[in-house]
Undergrad: 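My structure is below; once you've seen it, I'll send some questions.
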There are 2 protein chains.
Amino acid sequence: MKHTLNKNKQEILQAAQKQCLKHDLRFTSKRSNVLQLMLHENKPLSAYDIMADYKTQYNQSISAVSVYRMLDFLIHAQLVHKLASSSQYIVCSHITCHHAHETPQLLICDTCHQVEEIGIGTLLTSELEANIAATGFKLQHQQLELHGVCSSCQKLH
Amino acid sequence: MKHTLNKNKQEILQAAQKQCLKHDLRFTSKRSNVLQLMLHENKPLSAYDIMADYKTQYNQSISAVSVYRMLDFLIHAQLVHKLASSSQYIVCSHITCHHAHETPQLLICDTCHQVEEIGIGTLLTSELEANIAATGFKLQHQQLELHGVCSSCQKLH
DNA sequence: ACACAAATGTAATGTTATAACATTTCATCC
DNA sequence: GGATGAAATGTTATAACATTACATTTGTGT
Ligand SMILES: [Zn+2]
Ligand SMILES: [Zn+2]
Ligand SMILES: [Zn+2]
Ligand SMILES: [Zn+2]
């Protein structure tokens with residue numbers, strides 16, 4: 001089951017606002033609007049998709065630069081993740097979770113393009129880290145993007 | 001020590017050619033030239049970097065489209081990897097290895113931008129796979145890109 | 001009200017990647 | 001060796017993604 005679907009949008013928005021306040025970040029109405037439309041779409045969007053959506057949903061033009069700046073903000077606030085492999089953006093699935101945000105691990109379905117964000121165990125993470133530390137490299141892995149086919153798409157064979 | 005530095009370029013080129021012949025792929029002179037200059041630079045390059053380099057090194061203009069096509073070819077031939085997180089391209093470190101190519105795992109230094117390609121054990125890979133399979137997702141992870149700081153850069157603290 | 005910093009707007013441009021169609025190169029068959 | 005067809009490469013244009021530089025507006029604290 002999708003993590004984001006467990007909680008309603010209102011709850012997520014409030015948690016996002018709270019999270020921003022806690023870190024002295026301004027959760028402006030435009031930033032909120034962007035997060036809301038991303039929640040509403042519930043799929044990876046490009047910056048230009050968001051720009052177009054914003055225009056449609058709020059009947060107000062917004063520039064690409066502004067979208068990128070808002071995305072930057074939301075990413076730093078850990079409310080949004082960037083999918084490097086597709087240059088798209090998606091709302092974090094753990095906004096309403098109380099635990100600290102781990103290394104995001106994103107399962108990207110190459111068939112339907114839905115993304116599921118999971119948390120593999122810290123055990124596995126530290127194992128990976130140890131394995132790599134042996135080469136002298138110091139990991140800071142911001143994110144793991146894993147491609148494959150989701151369970152729904154598998155059923156449709 | 002860097003894997004690519006263990007073998008000389010000539011050996012890598014010959015292995016690349018052999019690998020292409022085996023799979024009925026044409027290792028043309030331009031494709032060879034692109035691979036050679038990538039080997040020579042020994043660092044991640046953008047398609048447009050390669051275009052400029054080609055002009056300089058071979059005194060012959062080449063279009064961006066051609067570079068992208070050659071990169072596509074080289075990627076399919078498993079001679080080159082694309083770094084999604086930086087939209088750059090790098091020669092595979094395992095061209096002269098005899099074993100089949102595993103899921104590439106790229107350690108990207110965020111300080112000096114050098115890339116080290118390793119092979120974490122199949123044990124860890126299958127563990128990761130099992131962990132994710134539990135969610136119903138079928139992995140096809142083409143590649144793992146891990147960011148951090150390499151050992152040289154750590155020494156320079 | 002004033003001063004300052006943060007957010008957003010505007011315009012231009014840079015960077016990465018692909019589409020559509022023309023031409024050249026090269027292996028194969030006769 | 002010339003015809004044939006597929007693969008490679010060239011050419012032109014444009015789409016898609018992202019940033020720089022500078023102006024204006026908004027919001028906060030005094
Ligand atoms: Zn997240
Ligand atoms: Zn799917
Ligand atoms: Zn490789
Ligand atoms: Zn380094």
Side-chain angles (χ1 to χ4, degrees), chain A residues 16-17 20-38 41 43-55 58-77 79-90 108 113 145, chain B residues 16-17 20-38 41 43-55 57-77 79-90 113 145:
Chain A
Q17 186 160 23
C20 285
L21 281 175
K22 200 170 67 180
H23 294 92
D24 244 339
L25 300 170
R26 292 196 206 156
F27 192 60
T28 65
S29 62
K30 297 214 166 170
R31 287 168 177 173
S32 173
N33 285 347
V34 167
L35 191 62
Q36 275 177 263
L37 78 77
M38 290 179 78
E41 291 283 357
K43 67 179 181 194
L45 298 171
S46 75
Y48 283 80
D49 289 341
I50 292 169
M51 185 172 69
D53 256 43
Y54 198 102
K55 172 92 180 180
Y58 302 104
N59 197 36
Q60 187 187 161
S61 278
I62 192 175
S63 70
V65 196
S66 297
V67 173
Y68 279 105
R69 281 191 288 226
M70 289 168 198
L71 285 171
D72 275 353
F73 171 87
L74 294 169
I75 288 167
H76 283 122
L79 299 171
V80 162
H81 299 300
K82 173 173 184 177
L83 304 178
S85 46
S86 61
S87 296
Q88 289 176 312
Y89 304 84
I90 191 157
I108 303 163
H113 308 294
E145 290 178 33
Chain B
Q17 187 159 24
C20 286
L21 281 175
K22 199 170 66 181
H23 294 93
D24 244 338
L25 300 169
R26 292 196 204 156
F27 193 61
T28 65
S29 63
K30 297 212 167 170
R31 287 168 177 174
S32 173
N33 286 346
V34 168
L35 191 62
Q36 273 177 265
L37 78 78
M38 291 179 77
E41 291 283 357
K43 67 180 181 193
L45 298 171
S46 76
Y48 284 81
D49 289 341
I50 291 169
M51 185 174 69
D53 255 44
Y54 199 102
K55 171 93 181 179
Q57 305 226 5
Y58 303 104
N59 197 36
Q60 186 188 163
S61 279
I62 193 176
S63 71
V65 194
S66 297
V67 174
Y68 278 104
R69 281 192 287 228
M70 289 169 199
L71 285 171
D72 276 352
F73 171 88
L74 294 170
I75 288 167
H76 284 121
L79 298 171
V80 162
H81 299 301
K82 173 173 183 176
L83 304 178
S85 47
S86 62
S87 297
Q88 289 176 312
Y89 304 83
I90 191 158
H113 308 294
E145 290 178 33

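Letters A, B, ... mirror the listed sequences (proteins, then strands); counts begin at 1. As the structure is a computational prediction, the values presented were derived from the model and not from experiment.
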Undergrad: With a 4.0 Å cut-off on heavy atoms, is Ser63(A) in touch with a base, just the backbone sugar-phosphate, or nothing at all?
TA: base
Undergrad: What's the spacing between Gln17(A) CD and Arg31(A) CZ if we round to 0.5 Å?
TA: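 Nearest 0.5 Å value for the CD-CZ distance: 12.5 Å.
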Undergrad: For Lys43(A), what residues pass the side chain to side chain donor-acceptor pair (under 3.5 Å) criterion, not counting sequence neighbours?
TA: none
Undergrad: Starting at the 5' end of DNA chain D, which residue's closest nucleotide do you reach first, Thr28(B) or Val65(B)?
TA: Thr28(B)
Undergrad: Quick check for you: to the nearest 0.5 Å, what is the distance between Ser32(A) atom OG and Met70(A) atom CE?
TA: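 Between Ser32(A) OG and Met70(A) CE, I get 11.0 Å after rounding to 0.5 Å.
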Undergrad: Counting only non-hydrogen atoms, which of residues 30-37 of chain A are less than 4.0 Å from DNA chain D?
TA: none
Undergrad: Expressed in angstrom and rounded to an integer, what is the separation of Leu45(A) atom CG from dA18(D) atom P?
TA: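 It works out to 13 Å between those atoms.
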Undergrad: Rounded to the Å, how far apart are Arg26(A) CZ and dT25(D) P?
TA: 17 Å
Undergrad: Please find the earliest and latest nucleotides of DNA chain C, in the 5' to 3' direction, that have an atom within less than 4.0 Å of any heavy atom of chain A.
TA: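 Span of nucleotides near chain A: dA6(C) to dA11(C).
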Undergrad: Find which nucleotide of DNA chain C each of Ser66(A) and Tyr89(B) is nearest to by heavy atoms, and output the residue with the more 5' nucleotide.
TA: Ser66(A)
Undergrad: Do the side chains of His23(B) and His76(B) get nearer than 4.5 Å, heavy atoms only?
TA: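 In short, these two side chains do not touch, never coming nearer than 4.5 Å.
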Undergrad: Using atom CG of Asp49(A) as one end and atom P of dA18(D) as the other, report the distance to the nearest whole Å.
TA: 11 Å
Undergrad: Any side-chain heavy atom of Tyr58(B) sitting closer than 4.5 Å to one from Gln36(B)?
TA: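 Of all side-chain heavy-atom pairs linking Gln36(B) with Tyr58(B), at least one is under 4.5 Å.
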Undergrad: Would you kindly give the CD1-to-C1' distance between Ile62(A) and dA18(D), to the nearest whole Å?
TA: 16 Å
Undergrad: NA contact type, Phe27(A), heavy-atom cut-off 4.0 Å: base, sugar-phosphate, or nothing?
TA: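 Since no nucleic acid heavy atom lies under 4.0 Å of Phe27(A), the category is nothing.
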Undergrad: Between Ala47(A) and Arg69(A), who's closer to the 5' end of DNA chain D by nearest nucleotide?
TA: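 Here Ala47(A) is the residue nearer the 5' end.
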Undergrad: What is the separation between atom CG on Leu21(A) and atom C1' on dG27(D), rounded to the nearest whole Å?
TA: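 To the nearest whole Å, that distance equals 14 Å.
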Undergrad: Roughly how many Å is it from CE in Met70(A) to P in dA18(D), rounded to a whole number?
TA: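 Rounded to the whole Å, the gap is 16 Å.
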Undergrad: Taking CG from Leu71(B) and P from dA8(D), how many angstroms apart are they, rounded to a whole number?
TA: 15 Å
Undergrad: Carefully, step by step, assess Lys82(B) and Leu71(B) under the rule side chain to side chain contact (heavy atoms under 4.5 Å, CB included).
TA: CA-CA 9 Å; Lys82(B) 173 173 183 176; Leu71(B) 285 171; over 6 Å; no
Undergrad: Are Val67(A) and Val34(A) close enough that some pair of their side-chain heavy atoms sits under 4.5 Å apart?
TA: no
Undergrad: If you measure from CD1 on Ile62(A) to CZ on Arg69(A), what distance do you get to the nearest 0.5 Å?
TA: 10.0 Å
Undergrad: Give the rounded distance in Å between these two atoms: OH of Tyr54(B) and C1' of dT9(D).
TA: 11 Å
Undergrad: I want to check something: taking the side chain as every heavy atom from C-beta on, are Leu35(B) and Phe27(B) in contact at a cut-off of under 4.5 Å?
TA: yes
